[in-house]
Amino acid sequence: MPFTPYHLGPGLLAKAVLRDRFSFMVFGGAQVLMDVEVLVRIYRGDAMLHGPSHTVLGAFVIACIAGAIGRPISLFVLRLFHIPHVTFGWGVSFATASIATFSHIALDAVVHIHMTPLSPLAQSNPLLGVVTAAQLHQFCIATGILGAVILAFAALRRALQGSAKG
C-alpha cells in the first residue's frame, strides 16, 4: 500500500535525536514522493509496483526534488498555521530528504520481492528477507513510539524550564 505510515516511525526518532538538524515535514513529503510511482502503478494495474523510484538512483533523484521543494513548502505551512518552529537551512532540507528516500528503499526492499534497489548495476535484492514484514512493522512502530516519547519529554522539560523562569 502506498503512503504507509510505517515509514514515519524511524523519521520521528530521527527528529527526536537530530532536533533542529532534521525536518519531519520534509521527511514526510519525501516519503509521499517516493510512493507516487507505486500509486500510479496500482491505478494502472501493473503487476510490478516498485520500479525506478525504488532504486538507489531513483531515491537520489527524489531526494534532490524533495530537498528543493521541501524547505519552502514546510516553512510556508509552518508560518501559515503559526506553528512555532526553528527555521532550517537548505543543508537540513537535502539531508533530511536523503535520509527519507534512502531509508524508504531500505525498508521496502526487506519485504518486496520484486524490488531491485541496486538497479541498473544489479538485478538482485540483498535486503529481501532480512527480517519478516511483521518484524519490520514492529521496528517502525517502536521507533515512532520512542521518538514521540523523547519529543514529549523534551517539550515537557522546555515547558518546566519556561515556567521556572517566569
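Everything numeric here is computed off the predicted structure, so don't read it as measured data.
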To the closest 0.5 Å, what do you measure between CD (Q31) and CG (L107)? 8.0 Å
Would you compute the distance between atom CG of L78 and atom OG1 of T87 and round it to the nearest 0.5 angstrom? 8.5 Å
Spacing of CD1 belonging to I62 relative to CG belonging to L57, to within rounding of 0.5 Å: 10.0 Å
Within 6.0 angstrom of I113 CD1, more than 12 heavy atoms from elsewhere: no
With a 4.5 Å cut-off on side-chain heavy-atom distances among I, L, V, M, F, W and Y, is there a chain of contacts connecting V86 to V26? no
Sorted by chain and residue number, the salt bridge (charged side-chain N to carboxylate O under 4.0 Å, His left out) partners of R157 (sequence neighbours excluded) come out as none
Side-chain atoms of residues 39-48: list all donor-acceptor pairs with protein atoms under 3.5 Å, sequence neighbours left out, distances to 0.1 Å.
residue	atom	partner	partner atom	Å
R41	NE	E37	OE2	2.9
R41	NH1	M48	O	3.1
R41	NH2	E37	OE2	3.1
R44	NE	D46	OD2	3.3
R44	NH2	D46	OD2	2.5

Contacts of type salt bridge (charged side-chain N to carboxylate O under 4.0 Å, His left out), residue D20, not counting sequence neighbours: none
Applied to residues 54-93, the ring-ring contact (aromatic ring centres under 6.0 Å, His included) test, sequence neighbours excluded, yields H50-H54, H54-H104
Take H114 and L49, measure what side-chain contact (heavy atoms from CB on, under 4.5 Å) needs, and give me the verdict at the end. CA-CA 8 Å; H114 59 272; L49 301 180; 4.1 Å; yes
Is the backbone of R71 close enough, under 3.5 Å, to the side chain of S74 for a donor and an acceptor to pair up by distance? no
With hydrophobic residues grouped by side-chain heavy-atom distances under 4.5 Å, do F102 and L33 end up in a single group? yes
Side-chain (T116) to main-chain (Q123) donor-acceptor, under 3.5 angstrom: no
Please say yes or no: joined through hydrophobic side-chain contacts below 4.5 Å, possibly via intermediate residues, are V56 and V61 part of one cluster? yes
Nearest 0.5 angstrom please: L127 CG to I105 CD1, how far? 8.5 Å
Flag yes if L151 and L8 sit in one hydrophobic cluster, no otherwise; membership is Ile, Leu, Val, Met, Phe, Trp, Tyr, and two members link when side-chain heavy atoms are under 4.5 Å apart. yes
Here the gap from K15 atom NZ to I99 atom CD1, rounded to the nearest 0.5 Å, amounts to 11.5 Å
Residues which pass ring pair (Phe, Tyr, Trp, His ring centres under 6.0 Å) with H137, listed by chain and number, not counting sequence neighbours: Y6
Hydrophobic cluster membership, I69 vs M34, 4.5 Å side-chain cutoff: yes
Can you sort out the partners of F22 under ring pair (Phe, Tyr, Trp, His ring centres under 6.0 Å), two or more places apart, ordered by chain and number? F27
State the CG-CG distance between L118 and N125, to the nearest 0.5 angstrom. 8.0 Å
Does either side chain, that of D108 or that of H7, offer a donor lying less than 3.5 Å from an acceptor on the other one? yes
Please confirm whether the backbone N or O of S23 pairs with a side-chain atom of T96, one donor and one acceptor, at under 3.5 Å? yes
